[in-house]
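Remember, it's 1-based here, ligands and their atoms both numbered in the order they're listed.
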Amino acid sequence: MSYVDEVIAKVVEQNPSEPEFHQAVKEVLESLRVVIEANEEKYRKDALLERMVNPERQFKFRVPWVDDKGQVQVNTGYRVQFNSAIGPYKGGIRLHPSVNIGIIKFLGFEQVFKNSLTGLPIGGGKGGSDFDPKGKSDREVMAFCQSFMTELCKYIGADTDVPAGDIGTGAREIGYMFGQYKRIRGLYEGVLTGKGLSYGGSLARTEATGYGLLYLTQELLKLNGIELAGKTVCVSGAGNVAIYAIEKAQQLGAKVVTASDSTGWVYDPDGIDVAALKEIKEVKRARLTEYKNYRPNAEYHEGRGVWSVKCDVALPCATQNELLIDDAKQLAANGCLAVCEGANMPTTMDATEYLQKNGVIFAPGKAANAGGVATSALEMTQNSERLSWTFEEVDAKLQGIMVNICHNMVDAAERYGMKGNYVAGANIAGFEKVVDAMNAQGIV
Ligand code: NDP
C-alpha cells in the first residue's frame with residue numbers, strides 16, 4: 001500500500017465518527033500524492049504524514065453559563081492546536097450547533113496549509129463550540145463568551161495561539177472574549193484578531209475574506225485570459241464573507257445576482273443591493289425573506305437553489321459541503337467558467353472533480369479565502385508595533401498577498417505537471433513550506 005493510502009486508512013481508523021476530518025485529509029493527501037511519492041522513503045521513515053495529521057494538542061472543555069431565565073446551560077468548547085512549524089497557531093472560533101471535534105479538526109488541518117500559503121509566519125489551529133448565538137440576548141452571548149474564554153485563556157497568547165472569528169463569532173463575540181482574557185490574564189495583548197477598531201483591530205479585516213476572494217478570482221481569471229468585469233456572478237451565503245465578496249465583485253464591474261442564508265435564497269436580476277443586505281444581516285440580524293421589502297423585483301425561494309442560476313462565476317461563501325455533484329453538473333451545463341471558494345470546503349470532492357474534468361476553473365478555499373487570515377496576521381503585526389495602518393495600506397497588502405498566493409498556486413501545479421489543477425497547486429505550495437520548517441526543527 002502506498003504511504004498516502006496507509007495514512008488515510010489510519011486516520012479513518014483512529015478518528016471514527018469524524019467524516020469531515022477524513023474528507024479534508026483525503027482531499028489534501030490525494031492531491032499531494034505526486035510530491036509525497038517522490039519522497040516516500042524519507043517521509044515514511046520520519047513519519048512525516050502521521051505527524052501532520054495528528055494535532056500537536058487539542059482541548060475539549062465544559063462551558064457553563066446562565067440564560068435569561070436563570071437556567072444553567074452547558075456547552076462544549078474546543079481548541080485544536082494543529083501545527084506550529086511556521087508560527088503561532090492561528091485560526092478562528094466557530095460557534096454553531098453543528099460544531100464537534102471532527103469539524104474543528106478538519107478546519108484546523110486545512111488552516112495549516114492555508115496559513116502557510118499566505119507567506120506569513122502563522123501556524124494552524126481552530127476552535128469553537130456547539131453554542132448557537134442565534135436567538136440569544138446580548139447578555140446571554142456575553143455570559144457564554146466569558147465562560148468560554150475563562151477556560152480558553154489558559155491555552156492561548158499573542159505568541160502562542162491567536163484565535164479569530166468564524167461562523168457565529170463576529171465583532172460582538174470577539175469583544176466579549178477579549179475583555180474576559182484581559183481581565184483574567186491582566187495582559188493587553190493581541191491575543192485575538194477581528195477586534196474592534198477602538199481596541200487594536202485592523203481596518204479592512206471585516207472586508208478581508210470577501211475582498212481577498214475577489215482579488216484572487218480576478219487574477220486567476222486574468223491568467224486564464226478572462227476579464228471579471230461584465231460577468232454574472234452567483235454568491236451563496238449572506239454572512240461576512242458573502243457580503244464583502246458581493247461588494248468587491250460589484251466594485252470590480254461584475255454583476256452579482258444571488259445570495260442565500262440557512263433557510264432560503266434570493267435572485268435579484270438587477271444585481272444584489274449590498275446596502276440592503278448589510279442592513280438585514282449585520283444590523284437587524286434577520287432572515288433573507290426581508291430582502292423583497294427592499295427590492296420588489298427580486299425573487300425569494302425557500303431551501304437551496306443558488307447554483308441553478310446561470311452565471312459565469314460561482315462563489316460559494318456559506319458553509320462546508322454546500323455545492324454538491326448535481327450543482328456542479330448544473331453550473332457546468334450553464335456555461336459557468338469558474339468556481340472560487342469563499343467558504344471552507346463548500347464543494348464536495350466529487351463536485352470538485354466534476355468541475356475540474358469539465359473545464360471549469362476551480363480555486364480551493366484554502367487559497368481563495370486566505371485573505372481573512374492574512375489580514376488577521378497583519379492585525380497581529382500592527383498590535384506588535386502598537387500602530388494602526390490605514391485602510392488603503394492594509395487593502396494594498398491584502399491585494400499583494402492574494403495575487404502572490406494565486407501565482408504560487410498556479411506555479412506549484414505546473415511544477416508537478418498538473419497545470420490547471422489549483423487544488424493540487426494550493427496544497428503543494430502550502431505543504432512545501434510546512435515540511436521544510438518541520439524538517440529543520442527535528443522530530444517534535
Ligand atoms: P457567517 O456566520 O457570517 O455567515 C455564514 C452564512 O452562511 C450565513 O448567511 C448563514 O446563514 C449561511 N449558512 C450557514 N450554515 C448554512 C447551511 N447549513 N446552509 C446554508 N447556509 C448556511 O460566516 P462567515 O461568512 O464568516 O463564514 C462563511 C464561510 O467562510 C465558513 O465556511 C467560514 O469557515 C469561511 N471563512 C470565513 C472567514 C472569515 O474571515 N469570516 C475566513 C475564511 C473562511 P444564516 O444567515 O441563516 O445564519
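Partner of T232 under the side chain to side chain contact (heavy atoms under 4.5 Å, CB included) criterion, out of V256, V313, D312: D312 alone. When each of N421, N427, I428, T352 is checked for a side chain to side chain contact (heavy atoms under 4.5 Å, CB included) with S31, only N427 meets the rule. Remark: of the listed residues K397, K195, K90, R205, K195 is the sole one forming a salt bridge (Lys or Arg N to Asp or Glu O under 4.0 Å) with E379.
Between E56 and Y89 there is a side-chain heavy-atom pair separated by less than 4.5 Å.
For the 3.5 Å distance criterion, the side chains of D67 and Q71 fail to qualify, holding no donor opposite an acceptor.
The immediate protein surroundings of ligand 1, defined as residues with any heavy atom under 4.0 Å of it, consist of R94, K114, K134, D166, I167, G168, R205, T209, G237, A238, G239, N240, V241, S260, D261, S262, K281, R287, C317, A318, T319, G342, A343, N344, N369.
Between R287 and S262, the shortest heavy-atom contact is NH2-OG, 3.4 Å.
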